[in-house]
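Every heavy atom of this structure was used, including side-chain atoms; hydrogens, water molecules and symmetry mates were not. Bear in mind that the values here come from a model prediction, so they are computed numbers and not experimental data.
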Amino acid sequence: MTAPIRFPRFFVTSPAPCPYLPGRTERKVFTELKGGHADQLNEALGRIGFRRSQTVAYRPSCLDCQACVSVRVVAQEFKPSSTQKRDIKRNRDLVVTECRPWATEEQFELLSKYLSVRHPDGGMSTMDEMDYADMVEHTPVTSHVVEYREPTENGEPGKLVGACLTDRQGDGLSMIYSFYDPDHEGRAGLGNYIILDHIQRAVQSGLPYVYLGYWVDGSPRMQYKVRYRPLEQLTREGWRQMSDEEQTRLIAAATAPRSEKAGEMKGARGKDGQPVKFAAS
């Protein structure tokens with residue numbers, strides 16, 4: 001009797017325009033997550049740089065570019081910056097709830113508002129409610145939606161101001177996608193706070209890491225990820241913690257004032273809510 005195949009089959013996509021670096025193309029290697037061992041497979045692949053999208057695990061496989069680098073925060077050693085401390089203080093009254101991976105109309109409305117302001121030209125801007133439901137509910141692994149709501153006096157659920165689709169792995173939390181109210185007055189730093197809250201949740205659960213996905217060198221929108229210390233990056237030799245000097249340099253480059261010619265693109269912000277700055281051409 002032939003034993004069942006335990007190793008996944010991998011496939012490679014055709015080249016397509018890169019969503020992060022203009023003028024370049026991207027290619028991905030991917031495999032399907034299914035069956036009783038989907039959690040274990042997703043975790044093993046996550047440790048070597050794969051990310052999950054619904055029932056698929058993928059990672060970049062570009063022939064002439066290695067700009068996409070998997071990064072994760074060392075949760076137990078994390079020390080917030082002064083800006084991050086202010087965002088924690090400003091938003092610590094939010095009511096945070098782990099929900100089953102079930103899409104709601106309220107979540108979709110918040111996502112639509114977020115995308116229209118932060119990523120109006122992005123690939124997700126055309127998502128409808130069915131697309132969002134697929135993103136959240138089609139998961140073969142241990143996932144949940146973390147909701148962030150305004151506090152109320154009567155105990156009723158308050159206004160939804162943020163949410164994050166999160167996978168729980170054996171070694172950490174993997175933030176699949178987060179979104180929030182980009183125009184909320186008095187709630188500056190919401191995106192930053194969602195990441196900070198995940199770091200704290202990992203600590204409380206005894207999990208060592210929070211996976212942030214890919215840091216893309218040269219992509220202004222992805223530079224927010226270097227602001228969380230200490231940060232590990234996946235290299236050819238395995239996971240390596242960025243030195244304090246290296247991370248300080250990257251943070252300085254991401255936050256340094258630019259020339260007027262470079263400026264800031266109106267409405268362009270990183271996932272943490274901080275303005276995105278573009279170098280002069």
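The shortest side-chain heavy-atom distance between Asp171 and Arg72 falls under the 4.5 Å cut-off.
Between Asp181 and Lys159 there is a salt bridge, with a side-chain nitrogen of the basic residue lying less than 4.0 Å from a carboxylate oxygen of the acidic one. Ion pair Glu245/Arg249 not flagged as a salt bridge, since none of the NZ, NE, NH1 or NH2 atoms sits closer than 4.0 Å to an Asp/Glu carboxylate oxygen. With salt bridges taken as basic N to acidic carboxylate O contacts below 4.0 Å, none links Asp64 and Arg24. Under 4.0 Å is where a charged nitrogen must lie from a carboxylate oxygen, and between Arg52 and Glu43 no such pair does. A salt bridge is defined here as a Lys NZ or Arg NE, NH1 or NH2 lying under 4.0 Å from an Asp or Glu carboxylate O, and Glu32 with Arg9 fails to meet this definition. Taking a cutoff of 4.0 Å between a charged side-chain nitrogen and a carboxylate oxygen, Glu26 and Lys28 qualify as a salt bridge. Taking 4.0 Å as the cut-off between side-chain N and carboxylate O, Glu150 and Arg187 count as a salt-bridged pair.
With no hydrogens or angles considered, no side-chain donor-acceptor pair links Tyr148 and Asn91 at under 3.5 Å. Side-chain atoms of His119 and Ser125 form no donor-acceptor pair, as typed in the model, at a separation below 3.5 Å.
Taking hydrophobic clusters as Ile, Leu, Val, Met, Phe, Trp and Tyr residues chained together by side-chain heavy-atom distances below 4.5 Å, Val210 shares a cluster with Tyr193.
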| query | What do the steps show when you test Arg240 against Glu246 for salt bridge (Lys or Arg N to Asp or Glu O under 4.0 Å), and what is the final call? | reply | CA-CA 12 Å; Arg240 177 183 70 83; Glu246 180 182 10; 3.5 Å; yes
| message | Arg229 vs Asp244, test: salt bridge (Lys or Arg N to Asp or Glu O under 4.0 Å). Steps then yes/no. | response | CA-CA 8 Å; Arg229 301 176 187 251; Asp244 189 61; 2.5 Å; yes
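Going from atom CD of Gln66 over to atom CG of Asp217 covers 12.0 Å, rounded to the nearest 0.5 Å.
Partners of Glu147 according to the side chain to side chain donor-acceptor pair (under 3.5 Å) rule, which considers only residues two or more places apart in sequence or in another chain, are Gln107, Arg149.
Annotation for Gly162 and Leu110: closest pair N-CD2, 3.5 Å, computed over non-hydrogen atoms.
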